[in-house]
Amino acid sequence: MERARELCVAAGVDPDSRVGEGRGQPAWCLYRDAARKEHLGREAAAASAEIVALRPQEARFQNAPLEVHGQHDEATIEQMRNCMAVGNVVGGVICADGHLGYAQPVGGVIAYEGQISISGVGFDIGCGNMAARLDTPYEAIRDVAPLLARDIARIISFGVGRTNAEKVEHALFDDGHAWVESDMEGYRQKAVSQLGTVGSGNHYVDLMRDEDGYVWVGVHFGSRGLGHTSATRYLKAAGGKDGMNVPPAVIDEDSELGRRYIAAMELAGRYAYAGREWVVDRVRQIIGGNITETIHNHHNYAWRENHNGKDLWVVRKGATPAFPGQKGFVGGSMGDDAVIIEGVDSEESKASLYSTVHGAGRLFSRTAAKRTFTRKQMDRWLHERGVTLIGADLDESPMAYRRLPEVIAEHAGTIKVLHTLRPFAVVMAGKDLEDPWKD
């Protein structure tokens with residue numbers, strides 16, 4: 001609070017003056033986010049010293065190249081450099097939608113030789129996006145779009161710790177070996193009941209239309225409690241810490257812990273894919289029509305890939321794989337256009353570890369967004385764009401995010417836009433629903 005007041009005074013503003021609609025708030029409150037960024041920057045610098053003393057990095061992995069797309073605050077850059085100072089790091093990338101995350105920036109990509117980062121993958125293992133194009137014309141459902149949104153909110157389960165009212169059968173639950181190898185057998189029955197639930201936070205179901213007037217269904221969520229429980233268990237086993245500016249938990253791929261964690265990550269990834277596929281098809285049933293194309297990607301995961309002739313683990317936290325010819329679905333903030341992109345072959349793509357953005361990226365933290373914007377502003381924004389919104393709170397306000405076209409432009413030469421999708425309905429968890437299984 002004191003630093004925020006100091007920044008306010010330095011800007012020539014009376015810290016106790018009132019700003020905003022209605023009674024407003026003290027002017028110094030507008031400087032809390034800046035004060036917090038300063039504090040996180042100091043934390044990152046302190047963490048850097050701790051990391052150096054903790055585990056010296058082999059000389060051949062020191063000063064690995066870092067490719068940065070877009071503009072980022074110093075705390076985000078410092079956090080990424082701290083991550084790259086631990087383990088067998090070959091290269092790193094910060095995508096244009098990047099920002100501070102737990103242990104590793106969201107939008108951060110790191111390639112490891114023979115190792116994998118538990119904290120780099122994060123708590124929501126396998127979080128990702130899926131989009132499906134229907135043969136349903138937008139004009140055929142335009143007048144009933146608000147009713148469809150309400151049906152989606154009623155039938156699909158959003159929110160904390162929810163279970164699916166419709167039992168979902170899936171071959172994944174019969175793969176006993178996968179559950180044993182990951183040491184997640186005890187969670188199997190709970191996972192059965194949660195498959196097909198979306199959660200809260202920035203997780204959503206969107207209805208959109210493309211340039212040709214056809215309807216697309218887009219979803220964003222991950223592996224729910226299964227992934228969070230797996231990540232928590234293995235982070236603790238690796239001696240990792242929970243927090244923003246902490247050393248990453250990096251483990252050897254061929255260790256017992258490494259093999260178990262990789263099995264758990266792969267299981268959670270399969271579970272996330274199954275959940276998104278079920279939700280998309282269930283929404284299709286609500287709307288009517290048939291699926292003519294699907295695009296599906298994780299963006300919190302580690303992939304075994306070959307770069308420059310080396311087999312590496314590439315850990316993407318809030319970043320989409322974009323190899324030449326590979327398609328991806330990238331959502332904007334609610335009310336903003338989304339895009340279907342495709343990776344292209346270029347030197348820039350190679351330097352970027354064939355990675356790109358997973359969304360627009362935050363400009364305001366959740367708490368800062370709630371302090372800065374009003375529901376009236378958010379509703380006006382959506383109304384002007386013809387978007388029906390069910391659920392959500394001010395922390396997901398479109399004004400709290402970057403504009404997606406500007407973010408995409410920072411990755412020019414590595415991807416191309418195939419489709420621009422305009423949302424007309426957005427369904428999210430309500431403001432009173434918190435979700436411990438998001439990252």
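Quick caveat: nothing in here was measured; it's all calculated off a predicted structure.
Aromatic ring orientation, Tyr301 versus His298: tilted (interplanar angle from 30° to 60°). Classified by interplanar angle (parallel below 30°, tilted 30° to 60°, perpendicular above 60°), the ring pair Phe373/Phe364 is perpendicular. Relative ring orientation between His299 and His220 is described as tilted, the plane-to-plane angle lying within the 30° to 60° band. Using a 30° and 60° split on the angle between ring planes, Phe323 and His307 fall in the tilted class, from 30° to 60°.
The backbone N or O of Leu226 lies less than 3.5 Å from no partner atom in the side chain of Thr229, so there is not a single donor-acceptor pair. Side-chain atoms of Gln79 never come within 3.5 Å of backbone atoms of Thr76 as a donor-acceptor pair (strictly under, hydrogens ignored). Checking side-chain atoms of Ser352 against main-chain N and O of Ser355 turns up no donor-acceptor pair under 3.5 Å. Formation of a donor-acceptor pair under 3.5 Å by the Arg276 side chain with backbone atoms of Phe221 is found in this model. A side-chain donor-acceptor contact under 3.5 Å links Gln57 to the backbone of Met84. Between the Ser349 side chain and the Asp345 main chain, no donor and acceptor come within less than 3.5 Å of each other. No donor-acceptor distance shorter than 3.5 angstrom exists from the side chain of Tyr204 to the backbone of Val426, with no hydrogens or angles considered. Judged by distance alone, with hydrogens and angles left aside, the side-chain atoms of Ser346 form a donor-acceptor pair with the main-chain N or O of Gly413 at under 3.5 Å. Although no hydrogens or angles enter the test, the distance criterion places a donor-acceptor pair under 3.5 Å between the side chain of Gln115 and the main chain of Asn88. The closest donor-acceptor contact from the side chain of Asp206 to the backbone of Pro423 lies at 3.5 Å or more, if one exists at all.
For the residue pair His228 and Asp124, no side-chain donor N or O sits within less than 3.5 Å of a side-chain acceptor on the partner. A donor-acceptor contact closer than 3.5 angstrom links the side chains of Asp311 and Asn306.
At a threshold of 4.5 Å between non-hydrogen side-chain atoms, the residues Val250 and Ile116 do not count as touching. You'll find the side chain of Tyr261 reaches within 4.5 Å of the side chain of Ile251, heavy atoms only. Side-chain contact between Val89 and Ile110 is present, with at least one heavy-atom pair separated by less than 4.5 Å. No side-chain heavy atom of Val427 sits under 4.5 Å from any side-chain heavy atom of Ile156. The shortest distance between side-chain heavy atoms of Val219 and His203 does not fall below 4.5 Å. Side chains of Asn308 and Lys350 form a contact here, defined as non-hydrogen atoms less than 4.5 Å apart. Between Glu67 and Ile94 the shortest side-chain heavy-atom distance does not fall below 4.5 Å. A heavy-atom distance below 4.5 Å is found between the side chains of His419 and Glu211.
A salt bridge is defined here as a Lys NZ or Arg NE, NH1 or NH2 lying under 4.0 Å from an Asp or Glu carboxylate O, and Arg60 with Glu113 meets this definition. In this structure, Arg260 pairs ionically with Glu256, as a charged nitrogen and a carboxylate oxygen lie closer than 4.0 Å. With salt bridges taken as basic N to acidic carboxylate O contacts below 4.0 Å, none links Arg259 and Glu253. Between Arg403 and Glu406, no side-chain nitrogen of the basic residue sits less than 4.0 Å from a carboxylate oxygen of the acidic one, so the salt-bridge criterion is not met. In summary, Lys327 and Glu293 engage in a salt bridge, as defined by a charged side-chain N under 4.0 Å from a carboxylate O. Asp210 has a carboxylate O that lies under 4.0 Å from a charged side-chain N of Arg133, or vice versa, which qualifies the two as a salt bridge. Salt bridge annotation for Arg362-Glu396: present, with a cationic side-chain nitrogen under 4.0 angstrom from a carboxylate oxygen.
The 12-atom threshold is not exceeded at CD of Gln71, counting heavy atoms of other residues, nucleotides or ligands nearer than 6.0 Å. Environment of CZ in Arg81: sparse, with no more than 12 heavy atoms of neighbouring residues, nucleotides or ligands closer than 6.0 Å. Counting heavy-atom neighbours within 6.0 Å of Asp175 CG, excluding the residue itself, gives a total above 12.
In this structure, Cys95 SG and His358 NE2 are separated by 9.5 Å, a value rounded to the nearest 0.5 Å. Between the CG atom of Asp174 and the CD atom of Glu169 there is a distance of 8.0 Å, given to the nearest 0.5 Å. To the nearest 0.5 angstrom, Ile340 atom CD1 is 7.5 Å from Leu418 atom CG. Separating the OG atom in Ser230 from the CG atom in Leu235 is a distance of 12.0 Å, to the nearest 0.5 Å. The CD1 atom of Ile118 lies 12.5 Å from the CD atom of Gln104; values are rounded to the nearest 0.5 Å. A distance of 10.5 Å separates CE of Met130 from CG of Asn297, quoted to the nearest 0.5 Å.
For Asp393 against Met334, the heavy-atom pair with the smallest separation is O-CE, 4.5 Å. The two residues Ala264 and Tyr234 make their nearest non-hydrogen contact at CB-CE1, 3.7 Å. In plain terms, the two heavy atoms of Ala369 and Leu394 that are nearest each other are CB-O, 3.6 Å. For the residue pair Val93 and Ala351, the shortest heavy atom distance occurs at CG2-O, 3.9 Å. Contact detail for His296 and Tyr273: the closest heavy-atom pair is O-OH, 3.0 Å. Taking both residues in full, the closest heavy atoms of Val109 and Met80 are given as O-CE, 3.2 Å, listed atom of the first, atom of the second, then distance.
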### Message
Could you walk me through whether Arg224 and Leu195 satisfy the side chain to side chain contact (heavy atoms under 4.5 Å, CB included) test, starting with their C-alpha distance in whole Å, then the side-chain angles of each, then the deciding distance to 0.1 Å, before giving a yes or no?
### Response
CA-CA 8 Å; Arg224 311 299 298 120; Leu195 186 65; over 6 Å; no
### Task
With side chain to side chain contact (heavy atoms under 4.5 Å, CB included) as the test, would you mind laying out the steps for Val339 and Leu404 before giving the verdict?
CA-CA 9 Å; Val339 292; Leu404 185 59; 4.1 Å; yes
### Message
Assess the residue pair Leu421 and Arg209 against the criterion (side chain to side chain contact (heavy atoms under 4.5 Å, CB included)); give the C-alpha distance rounded to whole Å, side-chain angles, the decisive distance to 0.1 Å, and a yes or no.
### Response
CA-CA 5 Å; Leu421 309 179; Arg209 65 184 188 274; over 6 Å; no
### Task
Assess whether side chain to side chain contact (heavy atoms under 4.5 Å, CB included) is satisfied between Ile415 and Val344, documenting all intermediate values.
CA-CA 5 Å; Ile415 56 172; Val344 301; 5.8 Å; no
### Message
Checking Glu342 against Lys416 for the salt bridge (charged side-chain N to carboxylate O under 4.0 Å, His left out) test, could you report, in this order, the C-alpha distance in whole Å, the side-chain angles of both residues, the deciding distance, and whether it holds?
### Response
CA-CA 5 Å; Glu342 182 178 279; Lys416 61 182 178 181; 3.6 Å; yes
### Message
Could you walk me through whether Tyr187 and Gln194 satisfy the side chain to side chain donor-acceptor pair (under 3.5 Å) test, starting with their C-alpha distance in whole Å, then the side-chain angles of each, then the deciding distance to 0.1 Å, before giving a yes or no?
### Response
CA-CA 11 Å; Tyr187 203 90; Gln194 290 173 344; 3.2 Å; yes
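Residues Trp278 and His170 place their aromatic rings such that the two centres sit no closer than 6.0 Å.
The side-chain contact (heavy atoms from CB on, under 4.5 Å) test with Tyr401 singles out one residue from Leu363, Asn202, Val407, Asp336, and that residue is Asn202.
Figure legend: cation-pi geometry between Arg385 and Trp381, with NZ or CZ positioned under 6.0 Å from the six-membered ring centre and within 45° of its axis. Both tests hold for Arg316 against Trp303: distance to the six-membered ring centre under 6.0 Å, angle to the ring axis within 45°.
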